[in-house]
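In what follows, every chain begins at residue 1, and chains take the letters A, B, ... in the order their sequences are listed. These figures come from a predicted structure and were not determined experimentally. Heavy-atom basis, side chains included; hydrogens, waters and symmetry copies ignored.
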Number of protein chains: 2
Amino acid sequence: MNLKELSRHLGLSQSTVSRALNGYRDVSADTRERVLEAARRFGYSPNVNAHRLATGQSGAIGIVFPSGNDPLLDPLFTDFLSGLTNSAARRQMDVLVSASFDSAEASYRRLAQRRSVDAVVLSGPLVADPRVSLLDKLDIPYVVHGRTRAPHPYAFLDIDNEGAFRQAAELLIGLGHRRIGLVNGDLRQSFAVDREAGWRSALLAAGLVAPDALNDSDVMTDEAGYRLTAGMLSSETPPTAVICSSIFSAMGACRAIRDRGLAIGSDISVIAHDDGISSIRPETHNPPLTTTFSSIHKAGERIAEMVADLLGGKAASASQEVWPVDLIFRDSTRPPARA
Amino acid sequence: MNLKELSRHLGLSQSTVSRALNGYRDVSADTRERVLEAARRFGYSPNVNAHRLATGQSGAIGIVFPSGNDPLLDPLFTDFLSGLTNSAARRQMDVLVSASFDSAEASYRRLAQRRSVDAVVLSGPLVADPRVSLLDKLDIPYVVHGRTRAPHPYAFLDIDNEGAFRQAAELLIGLGHRRIGLVNGDLRQSFAVDREAGWRSALLAAGLVAPDALNDSDVMTDEAGYRLTAGMLSSETPPTAVICSSIFSAMGACRAIRDRGLAIGSDISVIAHDDGISSIRPETHNPPLTTTFSSIHKAGERIAEMVADLLGGKAASASQEVWPVDLIFRDSTRPPARA
DNA sequence: TTAGGTGCCAAAAGCGCTTTTGGTAGGGCT
DNA sequence: AGCCCTACCAAAAGCGCTTTTGGCACCTAA
C-alpha cells in the first residue's frame with residue numbers, strides 16, 4: 001500500500017493526501033480526517049526511503065563505534081546509546097550505528113558523504129580530536145559528548161569532570177587525608193585530563209603535593225583498577241584514599257585494598273565516579289561507595305535533543321552545556337586511620 | 001556531485017557510469033577504469049537514499065532497544081552490538097538502533113512497514129516471545145539471538161546454555177559438592193530457563209535433589225547476585241557452591257560469600273558465566289573464577305553474517321546454530337570443605 | 001461590479017539512483 | 001552477401017514520496 005494506491009482509494013490526488021498526512025494547512029479538516037482514517041484502515045505508512053530522497057533528510061543520527069575489541073568500548077556506551085535512542089525516537093529519528101572497520105575517519109566521511117544521517121554524535125573525544133575538525137570540514141551537524149580542543153565553536157554536552165574530581169579531593173582533604181591517589185582513565189581522553197586537573201588543583205590549593213606516584217591512569221576496567229591501586233598501595237608513601245574514574249576501576253581498587261588486608265573506609269577511603277549503570281550500583285556495596293554521580297543515560301537523551309535543535313537551525317555556539325556532578329557521600333569515605 | 005554531473009563530466013550516460021561503478025559486466029575495462037578514477041577524483045559517493053529507493057533495499061539491519069531504563073538492558077549489549085556492527089560494516093550494511101518508546105511491538109511494526117531496514121535481529125528472546133510471531137507475520141527477515149518457542153522454523157544463533165550449566169554442575173558434583181546453588185537470570189528469558197534445566201539435569205542424573213531453596217533468579221546485576229546468594233547462604237541447607245548466570249551476578253555472589261566471612265574456592269566454590277566483556281575479566285580475580293565462556297561479541301559478528309545469508313536467499317530453517325560453550329577451570333572451584 | 005483574497009485541490013516536476021529497453025558497431029560464421 | 005552474436009552504450013522508465021505551480025470556486029471589500 002503506497003501513496004498512489006491510497007489516494008486512488010480516496011479519490012484524491014497524491015499531493016492532497018500527502019499534505020493531509022503531513023499536517024499542512026491547505027486541507028480541509030474534513031478531508032484530513034477521511035485521509036487519516038483511511039491510512040489507519042489500510043495500515044499505510046510511508047516508505048521511508050522515498051521520503052528521505054524527496055526531502056533530502058535521512059531522519060537518522062549517526063554514531064561511530066570504535067573498531068574491533070577496543071578496551072575503550074565499555075559498558076557505559078550501552079546506557080548512553082539507550083538514552084540517545086529513546087530521545088531520538090520521541091522525535092521520529094533513528095540512530096544509526098556504524099563501525100569503523102577501516103578507520104574512524106573513513107566512517108565519518110562515509111556517513112557524511114552518502115547523507116545516510118543528518119547529524120552525528122561523537123563520543124569519547126580525545127584531548128585534541130582530529131575527528132572534530134573532520135566533521136567540521138565535512139559540513140555535517142554534530143554534537144560532542146565531552147569536550148576537546150578545537151579552533152572553532154562546536155556543540156557539546158559535557159559533565160564538569162574537573163569540578164567533580166576537585167570536590168571529591170576536597171572532601172577527602174576535609175576529612176584529613178593528605179595522600180590521595182587518583183586511579184584515572186586513559187589520558188588520551190579529555191575527561192581523564194580534566195579529572196586529573198580537578199584532583200591536582202584541590203591538592204595544590206590545600207598546600208599539598210600531587211605526586212606522580214599517586215597519579216596513574218589506564219583503561220577503566222576492573223583489572224586495571226586493581227593493578228593501579230595495588231601499585232600505589234605498595235609504594236613508599238601509600239595513599240590513605242583513592243579516587244577512581246569509573247565504577248569498574250573502583251571494583252578493582254576495592255579488591256586491591258582488601259587483598260592487602262585493609263578495610264575500605266576505615267583504612268583506605270574510596271570515591272568512584274558513577275555513571276549510573278544498573279548492573280553495578282555503588283550504594284549496594286559494603287561499605288556503600290561515595291561517588292561523583294552523573295547519569296550517562298540522561299546525557300544521551302539530552303544529546304538527541306541538542307541534535308534536533310541543531311538541525312532546527314540553532315547555532316553550535318549556543319549548544320554547549322556543562323552539567324554539574326553530584327557528590328554523594330556514603331560510607332567508603334572516613335577520616336584517615338591514625339598512622 | 002551526483003551521478004548526473006559525474007556522467008556529464010565523463011561524457012557518458014548515467015546508466016553506463018552506474019553500471020561501471022556497480023561492477024556490471026556490460027562495460028569495457030577501459031571505460032570502467034576511467035569512471036572509477038573520475039569518481040575518486042571528484043570524491044563522488046552515491047546518495048544512499050536514492051540508492052535505497054531505487055533498489056527497494058535499505059542496507060541496514062534493525063535492532064530494537066528495550067525502552068527506558070530497563071534492567072534487562074545490560075552492558076553485554078554493547079559488546080554484542082559492537083560485533084554486529086563490525087561484521088555488518090564489512091558487508092556494507094549499517095545497524096539501525098530503534099527505541100521502543102511506546103511498545104516493542106510497535107517499533108518492529110514501524111521498522112517493517114516503513115522498510116527502513118532489510119532485516120532485524122531480536123535479542124534477549126523470552127520463553128515464548130510474541131515478537132517472533134509478529135516478525136514472521138510482518139514478513140521481514142530476522143535472526144534471533146537465542147531461542148524461543150515458536151510454531152514455525154526461524155533463524156537463530158544460540159549458545160548451548162543447558163549444556164554449559166549441566167557441565168558446570170557436573171564439574172562441581174565431580175569435586176564432591178552436593179548442594180549447588182543456581183543464581184540465575186530473569187526466568188522470563190529463555191536462556192535462564194535453559195540454564196536451570198542444565199543445572200537440574202546434572203543434579204538429578206547424580207541422584208541429587210534440585211531444591212527450590214538453592215534455585216533463585218532475578219536480573220543479572222551485582223546487587224541481585226549479592227541478594228540471591230546471601231539468601232541461599234543463610235538458608236537451612238546452605239550451598240557449598242554456586243553457579244552464576246553472569247559475571248555481574250558473580251561479583252555480587254562473591255561479595256556475599258566474603259561478607260559472611262567465607263573464602264571463595266576453599267569454603268564456597270563459584271562458577272560464573274562469562275560473556276567475554278573486557279571491563280570485568282574473571283581470570284584476574286582473586287581467586288580467578290571458573291567460568292563457562294562464550295564471546296557475545298563473536299555472536300554479534302556471526303549474526304550479521306547470518307542476516308546477510310538470509311537476505312541472499314538462505315532458508316531460515318538452514319540458519320540455526322547452537323554454539324558449544326567452553327568450561328574454563330580456574331581456582332574458584334575446589335572440593336567442598338569437610339563439614 | 002470587480003479586484004483581491006482565501007480555501008481547497010489536481011497535475012506535474014523533481015529528488016538521485018537502478019534497470020530495462022533498444023540500438024549501433026564490429027566480428028565470425030554460413 | 002547475409003546473418004547472428006557479442007560488446008558496448010544511450011535513453012527513458014521507474015522507485016514513492018514532497019513541493020511547486022496553477023486553477024477553480026467562493027467570499028469579501030472597494
Peer 1: Does B:S28 have a side-chain nitrogen or oxygen under 4.0 Å from the phosphate oxygens OP1 or OP2 of D:dC9?
Peer 2: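 Yes.
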
Peer 1: Give a yes/no on whether any side-chain N or O of B:Y24 is located under 4.0 angstrom from OP1 or OP2 of D:dC8.
Peer 2: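 Negative; the distance criterion is not met.
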
Peer 1: Taking atom P of C:dT18 as reference, at what distance in whole Å does atom CG of A:N49 sit?
Peer 2: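 It is 13 Å, rounded to the nearest whole Å.
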
Peer 1: Can you find an N or O donor on one side and an acceptor on the other, under 3.5 Å apart, linking the side chain of A:S15 with the base of C:dA11?
Peer 2: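 Side chain to base: pair found, below 3.5 Å.
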
Peer 1: Using whole Å, what does the distance between atom P of nucleotide D:dC17 and atom CG of A:L3 come to?
Peer 2: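 Computing the A:L3:CG to D:dC17:P distance gives 4 Å.
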
Peer 1: Return the value, rounded to whole Å, for the distance between atom CZ of A:R52 and atom P of D:dC17.
Peer 2: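 After rounding, the gap between these two atoms is 14 Å.
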
Peer 1: Could you tell me how far apart A:L53 (CG) and C:dT18 (C1') are, to the nearest whole angstrom?
Peer 2: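 Rounded to the whole Å, the gap is 12 Å.
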
Peer 1: Between B:T31 and B:S28, do the side chains contain a donor N or O and an acceptor N or O under 3.5 Å apart?
Peer 2: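 Their side chains do contain a donor-acceptor pair, which is all the 3.5 Å distance test asks for.
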
Peer 1: May I ask you to check whether A:F80 and A:H145 place their ring centres under 6.0 Å from each other?
Peer 2: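 Yes - the distance between ring centres of A:H145 and A:F80 falls below the 6.0 Å cut-off.
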
Peer 1: Return the value, rounded to whole Å, for the distance between atom CE of A:M1 and atom C1' of D:dC17.
Peer 2: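 After rounding, the gap between these two atoms is 15 Å.
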
Peer 1: Counting only side-chain nitrogens and oxygens, does A:S18 get under 4.0 Å of the OP1 or OP2 atom of D:dT19?
Peer 2: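 The answer is no; no side-chain N or O of A:S18 sits under 4.0 Å from OP1 or OP2.
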
Peer 1: OP1 or OP2 of D:dC9 less than 4.0 angstrom from a side-chain nitrogen or oxygen of B:T16, does that happen here?
Peer 2: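 B:T16 to D:dC9 OP1/OP2: no side-chain N or O under 4.0 Å.
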
Peer 1: Quick one: is B:Y44 getting a side-chain N or O under 4.0 Å of the C:dC17 phosphate, OP1 or OP2?
Peer 2: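 Answer yes for this pair, as a side-chain N or O of B:Y44 is under 4.0 Å from OP1 or OP2.
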
Peer 1: Let me know, please, whether A:P46 or B:V27 comes out on the 5' side of the other along DNA chain D by nearest nucleotide.
Peer 2: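 It is B:V27 whose nearest nucleotide is closer to the 5' end.
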
Peer 1: Here's a test for you: under salt bridge (Lys or Arg N to Asp or Glu O under 4.0 Å), which of A:K314, A:R90, A:K298, A:R91 qualifies with A:E305?
Peer 2: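 Output: one option passes, namely A:R91.
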
Peer 1: Rounded to the nearest Å, what distance is computed from the CD atom of residue A:E5 to the C1' atom of nucleotide D:dC17?
Peer 2: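 Going from CD in A:E5 over to C1' in D:dC17 covers 14 Å.
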
Peer 1: Calculate the interatomic distance between B:K4 atom NZ and D:dA10 atom P; express it in whole Å.
Peer 2: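 After rounding, the reported distance stands at 16 Å.
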
Peer 1: Just checking A:D26: base, sugar-phosphate only, or nothing, at a heavy-atom cut-off of under 4.0 Å?
Peer 2: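 A:D26: base contact, heavy atoms under 4.0 Å.
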
Peer 1: Is B:N2 close enough to C:dC17 that one of its side-chain N or O atoms is under 4.0 Å from OP1 or OP2 there?
Peer 2: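 For C:dC17, OP1/OP2 do not have a side-chain N/O of B:N2 under 4.0 Å.
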
Peer 1: For the side chain of B:A54, counting heavy atoms from C-beta on, which of C:dC17, D:dA10, D:dG16 is nearest?
Peer 2: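 Closest of the options to the side chain of B:A54: C:dC17.
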
Peer 1: Would A:R131 and A:E105 count as a salt bridge (charged side-chain N to carboxylate O under 4.0 Å, His left out) here? Give the steps.
Peer 2: CA-CA 7 Å; A:R131 296 174 298 173; A:E105 299 225 347; over 6 Å; no

Peer 1: A:Q14 has a side chain; which of C:dG16, D:dA10, D:dC17 sits nearest to it?
Peer 2: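 For the A:Q14 side chain, the nearest candidate turns out to be D:dC17.
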
Peer 1: Would you please say whether a donor-acceptor pair under 3.5 Å links the side chains of B:T16 and B:S13?
Peer 2: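 B:S13 and B:T16 do have a side-chain donor-acceptor pair below 3.5 Å.
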
Peer 1: Atom CG of A:L12 to atom P of C:dA11: distance rounded to whole Å?
Peer 2: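 Computing the A:L12:CG to C:dA11:P distance gives 11 Å.
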
